[in-house]
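Contents: one structure, followed by commentary.
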Protein chains: 2
Amino acid sequence: MSKEKILLGHGSGGRMSHDLIDSLFARYFDNEILRQQSDSAVLEPCSKHLAFTTDSFVVDPIFFPGGNIGKLAIAGTVNDLAVSGAVPKYISAGFVIEEGFSMEDLETIVKTMAEEASKADVKIVTGDTKVVDKGKCDKVFINTSGIGVLDEKFVSIGSGNDIKSGDKIIINGEIGAHGMAIMAARNDLNISASINSDCACLNGLIRKVLDAGIKVKFMRDATRGGLGTVAAELVRGKEIGLQIDEEKLVIGEGVRGMCELLGFDPLYVANEGKVLMVVEAADADKTISLMHEHSFGKEASIIGEISESHKGKAWLNTVVGGKRIIEMLSGQQLPRIC
Amino acid sequence: MSKEKILLGHGSGGRMSHDLIDSLFARYFDNEILRQQSDSAVLEPCSKHLAFTTDSFVVDPIFFPGGNIGKLAIAGTVNDLAVSGAVPKYISAGFVIEEGFSMEDLETIVKTMAEEASKADVKIVTGDTKVVDKGKCDKVFINTSGIGVLDEKFVSIGSGNDIKSGDKIIINGEIGAHGMAIMAARNDLNISASINSDCACLNGLIRKVLDAGIKVKFMRDATRGGLGTVAAELVRGKEIGLQIDEEKLVIGEGVRGMCELLGFDPLYVANEGKVLMVVEAADADKTISLMHEHSFGKEASIIGEISESHKGKAWLNTVVGGKRIIEMLSGQQLPRIC
C-alpha cells in the first residue's frame, strides 16, 4: 500500500472504511475482542474498581527521534492509567486523518501502536476512523481512551490525600527530553541536537514498585507543563509544601543546551516517560533500588521532599543556594508537544 | 466569557488549562467522579460484562438544525453502547480545538453535551483538551469514548449469530434526516429546507424493548453509510438473505425532495437517531407497540425480513415491483456528517 493516499471514502463507513479496517487496523491490532467488530467491544466481567481515561494526541511533527504519534498515543494513555495505580487493560483508538495522508505513514504509526500495546500488555479493542478534507486537520490526530483494573488498596493514590511532611519525592530519571526532542525535530528550527524523546509505557516500572509493597502515596506522569506543574499542582490548596533540590535533577546535555539557547526552563518542559512518586521516607531507598532494576528507572533518584513550611507552595532549592517558588506553567510554552 | 477566544495556552496543561477546566468543563459536566480531577476516573466495581466504544466527531457545520457537534458526540457513543445491549454509564470527552475558536460557541457545545448526558443518564467522568494552531483543525473535533454495563443474556446481540429466516427487520422511524439536515446547513449550498437532524440518544427506547423481554437478535444504529450499509453488512458472509420493502420506509418530504435534487439515495444517507432491530416474527408486533409508546419510536415499523434466498445479500423490493441488491456504500457520499 506504499503509494496509496487516504481518501475521504476511507471515512465513509462504507466499503472503503471496511477495507481499511481489514487491511490495516484489524491486521496489526488483532485480538479476540477486536475481532468481534461490533459497535462496542464486549469485555469480560471484573469485580474490581476500574480506571478510565482519555487523551487526544496532536503532536507536531508526527515522527520524532524516540517515537511517533502512535507510540505517544499508547504510552500517554497507559501511563495515565498506571499512575492511578491501575493495571492498564483495554485501549480504544480514534483516528482523525487528513485527506491525502500517506497510507505508508499511517501503516508505520499503526504498527508502532501495535508494538507498544504488546510491550505494555494492553489490548486495542475498539476504534474509529474519520477523514476530513485536505487542510482541515494536520496529517493525523489520535485519541486513545483506556480502561484499567484497580485494586481497592490503590483507589486513593490519585487524590494524594495521604501525603505528609517528610515524604520523599522521586522521579525515574532525566527531565525535559520529550519537549526538547519535539522542538529539535521541527523543521522550522535549524537545530541539530541528538535528543531522543523519553516516550515510554511506565506501567511495568510502576507495577514493580507497587508489587513490592511500597506504599505509594501519589503518582503522576510529568507530561504537559512538566515536573514544575505537577509539583505546584500537587500541593495547591493543601496544608503542606513541596521542595525540589535543583542539584538532584538529571538534565541531559542536549536538553540543557537547547533550553539555554531557546530560553526554556527544563522544569516546565514535557516528559512522556517520567513519573513523579511520593513515598514515605522509610520506603524511599527501597523504591529507588527497585526502579534501578528496570530499564526505565536506571537514573531514578530522590529529588526532594514534602515540607511543613510554605503550605500550598512548591519551591526549588537552587544550586546557588537560593529558593524559587515553582508556579504552575502560565500560558503556553510549547504548543503541540503531545 | 462571551468575547473570549481559545488560545494555545488553553491546551498547555498549565494554569490556563486548569482555568478552562474549572470555569467550563467541570462546571457543566459536574459529578462526583469528575470532581476527583485525577489522571484517570475511578469507577465503582461492577461484576457484569462491560461494553467499550469510541467515536470521533468532525461534523461540518458544528451547529445544525436539530443539534450540534456536542449533542452528536454524546448521542453517537450512547447509541453505540445501547445497540450492543449495554446500559451506557460513563463517557470520556476529548476536545481538539482550533486556536481562536469562540469561547461562547465552546460553552454552547459543552452545555449541550451536559444536557444530553443528563437526559441519557450517563456521566462524563474524564476529559482532555488540546489546542492546535489556527488553520490546523476545523473549529473543534470531539472524541467520546463510553463504557456500558452488559447483562450476560445480551452479550451475543452484537454478533447477530442467532438470526434466522423469517425474523423481522424493524426501524424506529424515518430515514435520512441527519445527513440531509447537515447537507442543507452547509453554507455553500443555497438550499432552504426545513429538515431537522434526528440526532438523539436511543438508550431509553432500546431499554424499553429489552426490559419487556423481547429477544432482540441484532441491533445497530444506522449512522454513516445509512440503513443500506447496515443491512448489507448484517448478512455479508452469512447463510441468510435480507429483504426490505421500499414502500414501508418512512422518508420525510424534505429529505425525499433534497435526495432527488442532489441525486442521493436515502437508503445510504446517515441517521443519528435510528436503530435497526432484528426480532423473531412472533415478537415483532409487540416490539412496534412498545416503540410507539416512546417519543423516539412513534413511527416505528416493520420494514422487511430475513430470508432463506439470496444468501449473503440484502435487497430492496421496490415500489414498482422490482428487486434491487443493496450493496454497501462504496466511496464517500457525504463527507463529515458526523
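Letters go in sequence order (proteins before strands), and every chain restarts at 1.
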Check each atom of [X] against the heavy atoms of chain A and say whether the ones under 4.5 Å are side chain, backbone, both or neither.
{"X": "B/Thr129", "value": "backbone"}
{"X": "B/Ala232", "value": "neither"}
{"X": "B/Leu150", "value": "side chain"}
{"X": "B/Val125", "value": "side chain"}
{"X": "B/Thr54", "value": "both"}
{"X": "B/Val83", "value": "side chain"}

Option in [options] with maximal non-hydrogen atom pairs under 4.5 Å from chain B:
{"options": "A/Ile147, A/Val155, A/Val149", "value": "A/Ile147"}
{"options": "A/Glu152, A/Gln37, A/Arg220, A/Glu44", "value": "A/Arg220"}
{"options": "A/Glu98, A/Lys136, A/Lys48, A/Glu327", "value": "A/Lys136"}

What's the shortest heavy-atom distance between [X] and [Y], and which atoms?
{"X": "B/His49", "Y": "A/Val42", "answer": "CD2-CG1, 3.9 Å"}
{"X": "B/Asn143", "Y": "A/Gly94", "answer": "ND2-CA, 4.3 Å"}
{"X": "A/Thr53", "Y": "B/Ser40", "answer": "CB-OG, 3.6 Å"}

*Examine distances only and state if a side-chain atom of B/Arg224 and a backbone atom of A/Gly11 form a donor-acceptor pair shorter than 3.5 Å.*
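Yes, because the side chain of B/Arg224 sits within donor-acceptor range (under 3.5 Å) of the backbone of A/Gly11.
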
Part of [X] within contact of chain B (heavy atom distance under 4.5 Å):
{"X": "A/Ile142", "answer": "neither"}
{"X": "A/Thr144", "answer": "neither"}
{"X": "A/Phe52", "answer": "both"}
{"X": "A/Ser84", "answer": "side chain"}
{"X": "A/Ala86", "answer": "neither"}

*Please lay out, stage by stage, how A/Leu50 and B/Leu50 fare under the test side chain to side chain contact (heavy atoms under 4.5 Å, CB included).*
CA-CA 11 Å; A/Leu50 298 176; B/Leu50 298 175; 3.3 Å; yes

*SB check A/Lys130 B/Asp55 (cutoff 4.0 Å)*: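 Salt bridge present between A/Lys130 and B/Asp55.
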
Using a 4.5 angstrom heavy-atom cutoff, name the option from [options] with the most pairs to chain A.
{"options": "B/His18, B/Gln36, B/Lys139", "value": "B/His18"}
{"options": "B/Leu81, B/Ile33, B/Asp128", "value": "B/Asp128"}
{"options": "B/Ala41, B/Ser17, B/Cys46", "value": "B/Ala41"}
{"options": "B/Ser38, B/Ser56, B/Cys137", "value": "B/Ser56"}
{"options": "B/Ile157, B/Asp133, B/Asp60, B/Thr229", "value": "B/Asp133"}
{"options": "B/Asn79, B/Asp19, B/Leu43", "value": "B/Leu43"}

Does atom [atom1] ([X]) have a neighbourhood of more than 12 heavy atoms from anything else shown, all under 6.0 Å?
{"X": "A/Lys238", "atom1": "NZ", "value": "yes"}
{"X": "B/Lys217", "atom1": "NZ", "value": "yes"}
{"X": "B/Lys89", "atom1": "NZ", "value": "no"}

Report yes if the side chains of [X] and [Y] come closer than 4.5 Å at any heavy-atom pair, otherwise no.
{"X": "A/Val132", "Y": "B/Phe141", "answer": "yes"}
{"X": "B/Pro45", "Y": "A/Ser47", "answer": "no"}
{"X": "A/Asp221", "Y": "B/Asp39", "answer": "yes"}

